[in-house]
Amino acid sequence: HMGHAFQQTIMDALIRYHRMRGDNTLWQVGTDHAGIATQKIVENQLAAEGKSRHDLGREAFVERVWHWKEESGSTITRQMRRIGAAADWSRERFTMDEGLSAAVRKVFVEWYRAGLIYRGNRLVNWDPLLMTAVSDLEVNNVERDGSMWYICYPFSDGPVDGLRGMTIATTRPETMLADGALAVHPEDGRYRHLVGRYVDLPLCDRRIPIIADEFVDREFGSGCVKITGAHDFNDYEVAKRHAIGMIIIMTLDARMNDSAPAAYRGMDRYVARKAVVADLEHQGFLIKVEPHKYQVPVSQRSDAVIEPMLTDQWFVDLTSDNGRSAITQPALDAVRNGDIRFVPENWTTTYTQWLDNIQDWCISRQLWWGHRIPAWYDEAGNIFVGEDEADARAHASVPPVGALRQDEDVLDTWFSSALWPFSTLGWPSDQPVENERGEIVANWQTDKVFLPSSVLVTGFDIIFFWVARMVMTTLYFTRQVPFRDVYINAIVRDAEGRKMSKSKGNTLDPLDLIDGITLPALVEKSTRSLLIPQVREKVEKRIRKEYPDGIAAIGTDALRFTFAALASYSRTINFDIKRAEGYKAFCNKLWNAARFVLMNSSSPLPPGTAAIPGQELRGGAQAPGEGSGLARHPGETEPSPQPLSRRERGSLPTTEAERWIVSRLHATLAEVEQHFTTYRFDHLAQALYEFVWNEYCDWFLELSKPALSGDDAEAAASTRRTLLVVLETALRALHPVIPFITEEIWQSVAPQLGLEAASILERAYPRADEFAVDQTASAEIEWFKAVLTGIRKIRSEMNIVPGKTIPLLLADGDADDRRRAEKFSAQIEFLARCEAPRWLAAGEAEPAAAAAVVGNVRVLIPLAGLIDLDAERARLNKEIARIQAEIKKCQGKLGNANFVDHAPAVVVEQERNRLADWNTQLGVLRGQAEKLGA
RNA sequence: GGGCAGUUAGCUCAGCGGUAGAGCACCGCCUUGACAUGGCGGUGGUCAGAGGUUCGAUCCCUCUACUGCCCACCA
């Protein structure tokens with residue numbers, strides 16, 4: 001989905017960037033086995049055939065899941081390739097690979113032997129639909145409208161002080177059948193004297209004590225609470241504290257069992273609730289019912305309401321030693337002392353707060369798909385843990401009684417995912433690990449260098465599930481942190497900021513953005529899984545309105561660039577397709593700039609390709625050594641390598657424009673490098689965008705035109721070379737974000753520069769210091785730009801048709817201005833469509849003219865026949881007003897003694913300079929206005 | 001109940017102590033030989049509200065109001 005595409009764009013950009021910088025890079029790709037989700041899918045398939053997994057039996061069922069995994073796994077990698085992921089696919093891993101499974105067994109056994117994994121009968125979150133335990137993290141609390149039932153439990157010895165009994169409040173009346181006590185607060189004056197008495201449990205033939213416990217909130221309900229140890233997490237703790245017996249009254253599929261009174265046996269929990277309430281009312285125990293909003297624990301995977309259930313499960317000890325087990329404490333320390341850094345850093349709080357309040361981790365799941373727990377039981381119920389049965393026997397402290405049978409349960413998927421940072425590198429094997437094709441996929445002896453890795457890129461939603469657990473296991477087993485940086489990417493939402501979800505029909509498929517999709521297909525796809533007709537209709541209506549023509553293909557590059565441009569430190573990004581279209585235009589701009597450059601070099605691209613090839617640009621993966629994966633568009637021939645002449649190659653930038661663009665390139669690259677280290681993809685995309693479009697294309701390319709066709713052969717040759725060099729550099733700088741188009745263009749540009757690499761990915765990432773900064777040239781070009789902009793402004797505002805060549809006069813100014821005007825004469829003529837600029841001679845009568853002011857120079861366009869005098873006066877007055885406002889602001893500041901005394905000298909100085917500049921301009925403009933009789 | 005974000009141009013977002021920015025949208029003019037997925041020019045903002053710190057606050061602090069997310073056992 002969009003989140004994956006976004007995430008992979010970030011990862012791929014980082015990988016390509018570092019590879020080009022010559023770093024030893026590994027992008028460890030792979031997938032986990034998604035235990036519950038996957039098993040559920042296959043079970044659903046079976047259900048459609050009218051079968052259950054029990055019909056197949058464990059072995060056949062697991063076989064079938066493997067089969068499904070082969071199919072779906074390839075879909076993921078295919079999509080990653082489309083987005084351009086330059087991963088090392090030969091090293092792709094799966095959590096149920098043999099090697100990774102060996103790591104799982106070793107970790108389990110070591111932790112067990114260290115006393116950090118234990119088996120116990122505990123109250124756990126039980127999913128009665130999937131029939132498995134789940135961890136705390138896999139439970140969501142959702143608010144529901146419910147009721148609060150007030151129930152009277154009569155005193156066993158008859159009324160006390162006229163009171164018939166104790167009134168309790170509950171949201172789950174059916175669980176009263178398992179009550180073991182009532183509890184009040186020890187300091188509650190209303191009830192203190194009743195502690196120790198007994199009440200009769202309605203509907204049951206039992207009496208239960210009234211106890212006192214601090215846990216009770218005096219303010220809530222009646223201040224008296226029923227204690228149902230086996231079916232409520234709070235009550236469980238209270239019951240344990242007071243040694244109150246726990247009665248289990250539900251089966252694993254949440255029906256009343258034989259411990260419940262006969263009347264309710266076999267009833268579903270909600271049916272039983274109704275029956276219990278009805279009976280209570282009948283028998284006069286129900287005091288009242290109030291509407292009540294409450295939190296219901298819901299299974300993330302099945303939406304079933306979770307039932308706390310007392311069962312035998314396996315746990316990882318994360319809390320011994322005061323909540324800081326040998327596993328937890330190092331994981332906290334690593335982040336606190338900066339060995340691991342969250343980006344953006346505010347996620348640090350989330351991480352540490354969770355670890356500070358963590359509970360033991362329930363790792364057993366009553367499923368078949370996953371790593372089977374390496375524990376065996378003998379006929380006496382003794383537990384034997386080992387990497388296999390023989391190992392388990394060998395480590396037995398008591399001889400097994402009879403045959404051993406392996407634990408039926410599997411491990412939480414995240415248990416194996418938690419080992420990813422080192423299990424994928426070959427741990428624990430001393431030998432190279434091979435895949436089923438006999439290829440070496442990992443070798444711990446040599447691959448250790450990738451631990452810790454530089455960065456983990458992931459979503460905040462799995463900081464607890466995955467990130468924290470990788471930190472815990474990796475620190476424990478390797479004494480190293482798994483990664484240095486954790487870049488938490490933003491969540492992708494739709495343009496209105498709503499979560500993308502299939503049930504809202506507002507998801508976008510990245511591939512549909514890349515390839516485009518027709519309206520009917522989009523409608524069909526978005527409404528396919530919507531079952532409610534009204535919702536369907538609404539979604540269809542919205543889509544028809546939002547995408548009347550479907551979605552036009554924007555290509556992988558533009559999509560990637562959009563993701564980069566949106567990747568600020570913000571925690572959500574609202575995906576606006578308009579923005580993607582803007583970046584598609586950028587890709588096109590780049591393409592056309594390249595066309596221009598190549599057109600002016602010895603081997604141009606063929607004409608007639610003014611738009612970037614769309615569908616043809618689709619490529620396969622860009623695996624190392626695989627080349628660009630780009631198809632050439634129709635009609636295009638292989639460019640014949642014709643390197644520049646020696647003179648061209650050897651020449652240094654000669655013109656100001658060249659030295660200026662090279663200076664700008666330096667600044668841009670410096671900025672980009674900085675942004676890569678801080679993961680500010682938005683800024684680096686922006687910097688490159690501005691450089692390519694606003695500087696290289698808008699100014700340098702335009703300035704090159706007169707140079708290329710001018711009389712100065714040396715300048716022409718040098719310009720040609722600089723066009724190529726800067727383009728080639730910009731391509732490399734952009735390549736991590738825009739891999740396909742840059743490769744495509746580069747293949748044509750490289751021969752022009754005599755470059756030998758087979759792929760742009762083999763070239764080094766450009767560094768700022770390879771490009772000289774020339775302040776002087778920059779100042780010259782800024783002057784030129786100001787002059788040209790001034791003229792353009794007049795032309796535009798005075799409605800002088802662009803095609804019309806106009807006369808140009810220069811007045812005032814100093815020696816520098818004269819020198820510059822002389823130097824840029826040809827460029828001004830060419831780009832401003834004017835006659836050669838002429839200086840107004842001393843004493844020469846000045847014609848009525850429109851004027852632009854650049855420093856001390858007045859750039860004059862005579863009005864005769866061109867310009868409306870009134871319009872020019874109005875234009876001048878507007879400009880004067882604007883400058884006066886600026887002057888007023890400056891004077892306000894400088895007139896404030898506090899400012900002058902307290903502000904840093906540089907700031908005051910800057911303000912004075914500004915004021916002087918504004919005043920100069922104001923003077924010139926006023927003079928000009930006077931001349932026009934305004 | 002705790003915690004974390006966000007509120008800046010019509011829309012999607014940067015900026016974050018010293019002259020308010022980008023893309024898209026909008027308004028002019030222009031099929032000029034790289035590009036109309038374009039060029040040139042332009043319109044548009046008391047930076048959510050109120051206090052405070054400061055010579056100076058969109059930026060720092062406090063509070064308020066909305067919006068969103070995460071965590072938590074109030075039966």
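- Residue contacts for A:Lys226: at a heavy-atom cut-off of 4.0 Å it reaches no nucleic acid atom on any strand shown.
- When the side-chain nitrogen and oxygen atoms of A:Lys889 are compared with OP1 and OP2 of B:rG18, none of them lie within a distance under 4.0 Å.
- Remark: A:Glu219 CD is loosely packed, at most 12 non-hydrogen atoms of other residues, nucleotides or ligands lying under 6.0 Å away.
- Residue A:Gly555 is out of contact with every strand shown, counting any heavy-atom pair closer than 4.0 Å.
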Can you give the donor-acceptor pairs under 3.5 Å from side chains of residues 896-908 of chain A to other protein atoms, not counting sequence neighbours?
{"from": "A:Asn896", "atom 1": "OD1", "to": "A:Asn898", "atom 2": "N", "distance (Å)": "2.9"}
{"from": "A:His902", "atom 1": "ND1", "to": "A:Asn898", "atom 2": "O", "distance (Å)": "2.9"}

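- Within 4.0 Å (heavy atoms only), A:Arg579 reaches at least one base atom of the nucleic acid.
- Distances shown here put every side-chain N or O of A:Asn588 at or beyond 4.0 Å from the OP1 or OP2 atom of B:rG38.
- One can place CD1 of A:Ile463 at 14 Å from P of B:rC4, the figure rounded to the nearest angstrom.
- Here B:rG28 sits opposite B:rC40 as a Watson-Crick or G-U wobble pair (both hydrogen-bonding atom distances under 3.5 Å).
- The interatomic distance linking A:Asp461 (CG) with B:rC69 (P) rounds to 13 Å, in whole Å.
- As rounded to the nearest Å, B:rG52 and B:rC59 have C1' atoms that lie 15 Å from one another.
- Going from atom NZ of A:Lys584 over to atom P of B:rG38 covers 10 Å, rounded to whole Å.
- Among the atoms of the strands shown, none is found under 4.0 Å from any heavy atom of A:Gln359.
- Cation-pi geometry between A:Lys705 and A:Phe596 is met: the NZ or CZ atom falls under 6.0 Å from the ring centre, inside 45° of the normal.
- Contact between the side-chain N/O atoms of A:Arg680 and the OP1/OP2 oxygens of B:rG15 is found at a separation under 4.0 Å.
- Between the CZ atom of A:Arg833 and the C1' atom of B:rC29 there is a distance of 15 Å, given to the nearest Å.
- At a threshold of 4.0 angstrom between heavy atoms, the contacts of A:Thr228 with the nucleic acid are absent.
- In terms of phosphate contacts, A:Ser570 brings a side-chain nitrogen or oxygen within less than 4.0 Å of OP1 or OP2 of B:rA14.
- Atom CH2 in A:Trp591 sits about 19 Å away from atom C1' in B:rA36, given to the nearest Å.
- When heavy atoms are screened at a 4.0 angstrom cut-off, A:Leu701 is found touching base atoms of the nucleic acid.
- A salt bridge is defined here as a Lys NZ or Arg NE, NH1 or NH2 lying under 4.0 Å from an Asp or Glu carboxylate O, and A:Arg172 with A:Glu307 meets this definition.
- For A:Lys589 and B:rG39, the shortest distance from a side-chain N or O to OP1 or OP2 is below 4.0 Å.
- When heavy atoms are screened at a 4.0 angstrom cut-off, A:Ser568 is found touching the sugar-phosphate backbone but no base atom.
- Residue A:Asp901 is classed as having no contact, given no heavy-atom separation below 4.0 Å to the nucleic acid.
- Residue contacts for A:Cys890: at a heavy-atom cut-off of 4.0 Å it reaches no nucleic acid atom on any strand shown.
- Across all strands, A:Ser222 comes closer than 4.0 Å to no nucleic acid atom at all (heavy-atom distances).
- Among the atoms of the strands shown, only primed sugar atoms or phosphate atoms (P, OP1, OP2) are found under 4.0 Å from some heavy atom of A:His292.
- Within 4.0 Å (heavy atoms only), A:Arg882 reaches no atom of the nucleic acid at all.
- For the pair A:Glu879 and A:Arg882, the salt-bridge criterion is met [side-chain N within less than 4.0 Å of a carboxylate O].
- A:Phe220 comes within 4.0 angstrom of a nucleotide base, judged by non-hydrogen atoms across all strands.
- Among the atoms of the strands shown, only primed sugar atoms or phosphate atoms (P, OP1, OP2) are found under 4.0 Å from some heavy atom of A:Trp693.
- The pair A:Lys578-A:Asp576 does not meet the salt-bridge criterion, since no charged nitrogen lies less than 4.0 angstrom from a carboxylate oxygen.
- In this structure, A:Lys793 reaches the B:rG42 phosphate: one of its side-chain N or O atoms is under 4.0 Å from OP1 or OP2.
- Searching all strands for a Watson-Crick or G-U wobble partner of B:rA22 with both distances below 3.5 Å returns B:rU12.
- Pairs passing the side chain to side chain donor-acceptor pair (under 3.5 Å) check and including a residue from residues 223-236 of chain A, sequence neighbours excluded, read A:Thr175-A:Lys226, A:Asp179-A:Lys226, A:Asp179-A:Thr228, A:Lys226-A:Thr228.
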